[in-house]
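Presented below is the structure to which this report refers.
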Amino acid sequence: MSEAIHDTENALETSSSRSKIDDEGDGEEDLNATSVTDDELKRIQRKIDLRIMPWICLTYMFMRLNVNTVGNIAIVNTEQKHDIKTQLHLSPSQWAWVISCFYYTYMGIEPFSTLMMKKTSPSFWISRIMVSWGIVACCGAAVQDYGGLITVRTLLGATEGGFFPCILYYLAFWFRPEEITLRICFMLACSAFSGIISGFISYGVAFADDRGHLSGWRWLFIIEGLPPIILGLLTILVLPDYPDSKATANFLTERERHIIKERLYDGAPEKASRTWNTRQAIDVLWNPTFWSFAGIWVGNALGNPTPSFVLPTVIFELGFTNSNISNVLTVPTSVAIFFTLVTCAIMVRKDIWNPFCVAFVLQLINLICCIILMTVKQPIVRYIFILIARSASNTVVNILWPSRVAALRGTTAVGLGIALSNVLSNIDGLIGPLIFSTVYGPSYHVSYSICAGILSVGIVSIVVTGALVGRPVLRISWFHCNSH
């Protein structure tokens, strides 16, 4: 995976410009007036990628696997009346709260959790998140009633909150925003495989129903809760903390650590900086780009016509398959996300496409899909447009994350800005289950109507934000756009 990143990065170089690294006077190596060639920089970044990117992609894939579990659990063994809703006697409104309660604590703790990564250390804090969420996830197999399920889901949100913004914050210590584009998109694209794995695990678990006197959905909680515990314990040993951390970044030489640190953009987070700076925190909220980006994030979250936590149910209610196959039919949507995200990331990194133009067009596609899903009744056609909408909506925000990071200045600002933006991107967890309540199924005409209206607001936000950051959608061509 890291080789794929660097094959692409190598193709993007247009000149062999040299960067000057000034001596900080640390006394360990005289770097004054020493030039760094492009080949040397690529070699250093390749070493970093080989060390951190495979592990980040793997752990994030299991994080998404866990988040998406509730969607698969909803329909496991439905035909046999051994599904979770039947056994725990859950009404549609209660199931909506089961989904939503996770996001209250998940979103509430994200700003604190993200800044705690800086207060402690990335390897420790990310490890803590993974181990604790794995333990709580396994406890889901023991719930006996609605109250117990609400408790587990609420605790799961509290323990899992902050994982993604911590990863994005962590990468900002190592790379420039424009260099994060491919890396974050590769990570998110790899996480699409969590949908593939989850679909097939759910299919297999259905045949384990009543094995060991446990229902299939209980086995699913256990199977998807154990890997994070193991990976979390290993994270402390595998993940380096910061470029200038000699103890954990010992795979780099002193010169290489200095180069990585000094070439970061002005305002990038630093290990030596204070975790909390009140002035920077105020500036984050005062900056108009915070609110315009918020419109994009919220518009995409609530306007998404294919939220993951109800996708298996929506597919199941199309009526042309059973619950087991419905879980498997979520797999093609994950494959579509992978190819859409990687393609857009490469074109944006090459500076051929303006990321805001990409987001604008993808949201228009989402809007068209909503209109078609409101009017067409043929199950196969509806499934095809669900697939298209799923791949488009999961690319919009992810392709804009580097632009969001680049608009932030300072250690506190970067951490807080990433966390608050991610909170907004998960607001669908609070309201989405109500928008896509099963009372609106199987057509979900009301749901898609609401999504269409919200998407319109999101499209306007993309245009406004593009203008604010110097990448206007309506004036600059898709081609030959300069990065800012």
Side-chain angles (χ1 to χ4, degrees), residues 1-13 40-65 114 117 121-127 129-130 162-194 196-197 227-228 230-232 234-245 248-253 256-257 259-261 263-264 268-269 334 337-339 341-346 348-350 394-395 398-399 401-402 405 414 418 422:
M1 192 263 324
S2 62
E3 290 297 327
I5 292 176
H6 279 280
D7 286 343
T8 306
E9 291 280 3
N10 292 344
L12 303 180
E13 298 297 331
E40 182 181 12
L41 180 60
K42 292 171 189 174
R43 178 181 57 78
I44 296 171
Q45 290 188 329
R46 183 176 290 108
K47 289 174 67 175
I48 297 171
D49 283 332
L50 286 171
R51 181 63 182 268
I52 69 176
M53 289 309 300
W55 195 254
I56 285 177
C57 289
L58 180 64
T59 54
Y60 185 70
M61 183 184 70
F62 277 98
M63 180 266 190
R64 294 308 309 173
L65 184 68
T114 305
M117 186 204 80
S121 70
S123 59
F124 169 78
W125 194 251
I126 292 172
S127 172
I129 292 174
M130 296 186 68
F163 184 83
F164 175 73
C166 277
I167 293 296
L168 197 55
Y169 191 28
Y170 172 70
L171 290 176
F173 283 90
W174 292 84
F175 302 102
R176 293 176 177 177
E178 65 271 18
E179 295 167 346
I180 293 177
T181 304
L182 273 180
R183 289 167 176 87
I184 198 68
C185 286
F186 266 107
M187 183 190 83
L188 293 165
C190 288
S191 74
F193 287 106
S194 67
I196 298 173
I197 296 171
I230 299 170
L231 292 174
L234 293 174
T235 295
I236 295 181
L237 304 175
V238 174
L239 196 68
D241 290 324
Y242 303 104
D244 50 349
S245 297
T248 59
N250 53 12
F251 63 99
L252 298 174
T253 66
E256 290 169 342
R257 289 195 293 269
I259 289 171
I260 292 300
K261 181 180 177 182
R263 65 181 300 275
L264 295 178
S334 299
I337 291 170
F338 178 87
F339 285 106
L341 192 52
V342 170
T343 301
C344 291
I346 291 174
V348 167
R349 181 64 183 94
K350 283 184 175 182
N394 278 268
T395 303
N398 294 327
I399 210 70
W401 266 117
V405 175
V414 173
I418 290 172
N422 201 57

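The first residue of the sequence shown is numbered 1, and numbering continues consecutively from there. Scope of the values below: all heavy atoms of this structure, side chains included, with no hydrogens, waters or symmetry mates.
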Subject >> Separation of Met187 CE from Ile167 CD1 (nearest 0.5 Å) >> reply: 6.5 Å

Subject >> Ile52/Leu171 under side chain to side chain contact (heavy atoms under 4.5 Å, CB included): CA gap, chis, key distance, verdict >> reply: CA-CA 9 Å; Ile52 69 176; Leu171 290 176; 4.2 Å; yes

Original post:
Hey, are the side chains of Leu252 and Ile259 touching, using non-hydrogen atoms and a 4.5 Å cut-off?
Top reply: no

**OP:** Please name all residues satisfying salt bridge (charged side-chain N to carboxylate O under 4.0 Å, His left out) with Asp244, sequence neighbours left out, ordered by chain then number.
**Re:** Lys261

**OP:** Calculate, to the nearest 0.5 Å, the distance between atoms CG and CG belonging to Leu231 and Leu239 respectively.
**Re:** 12.0 Å

Subject >> Short side-chain to backbone donor-acceptor contact, Arg51 and Pro240, under 3.5 Å >> reply: no

**OP:** Over all heavy atoms of both residues, which pair between Asn250 and Arg257 is shortest? Give the atoms and the distance, please.
**Re:** CA-NH1, 4.2 Å

**OP:** Would you give the length of the straight line joining atom CD1 of Ile346 to atom CG of Leu341, rounded to the nearest 0.5 angstrom?
**Re:** 10.0 Å

Subject >> Asn394 side, atom CG; Ile337 side, atom CD1 - distance, nearest 0.5 Å >> reply: 4.0 Å

Original post:
Should Glu179 and Leu264 count as side-chain neighbours, where that means a heavy-atom distance under 4.5 Å?
Top reply: no

Original post:
Atom CD1 in Ile56, atom CE in Met63: separation rounded to 0.5 Å?
Top reply: 13.5 Å

Original post:
Which heavy-atom pair separates Trp174 from Ile260 by the least distance, and what is that distance?
Top reply: O-CG2, 3.6 Å

Original post:
Where do Phe175 and Gln45 come nearest, in terms of heavy atoms and distance?
Top reply: CD2-NE2, 4.0 Å

Subject >> Closest non-hydrogen atom pair, Ser127 against Gly232 >> reply: OG-O, 2.5 Å

**OP:** Taking the six-membered ring for Trp and the full ring for Phe, Tyr or His, determine whether the centres of Phe164 and Trp401 are under 6.0 Å apart.
**Re:** yes

Original post:
For Phe251, does the CZ atom have more than 12 heavy-atom neighbours from other residues, nucleotides or ligands under 6.0 Å away?
Top reply: yes

**OP:** Quick one: closest heavy-atom pair of Ile126 and Phe163, and the distance?
**Re:** CG2-CE1, 3.6 Å

**OP:** For Ala172 and Val405, work out which heavy atoms get closest and say how close.
**Re:** CB-CG1, 4.5 Å

Subject >> Whether Asn398 side chain and Ile184 backbone form a donor-acceptor pair below 3.5 Å >> reply: no

Subject >> Point-to-point distance, once rounded to the nearest 0.5 Å, from CZ of Arg349 to CD1 of Ile399 >> reply: 12.0 Å

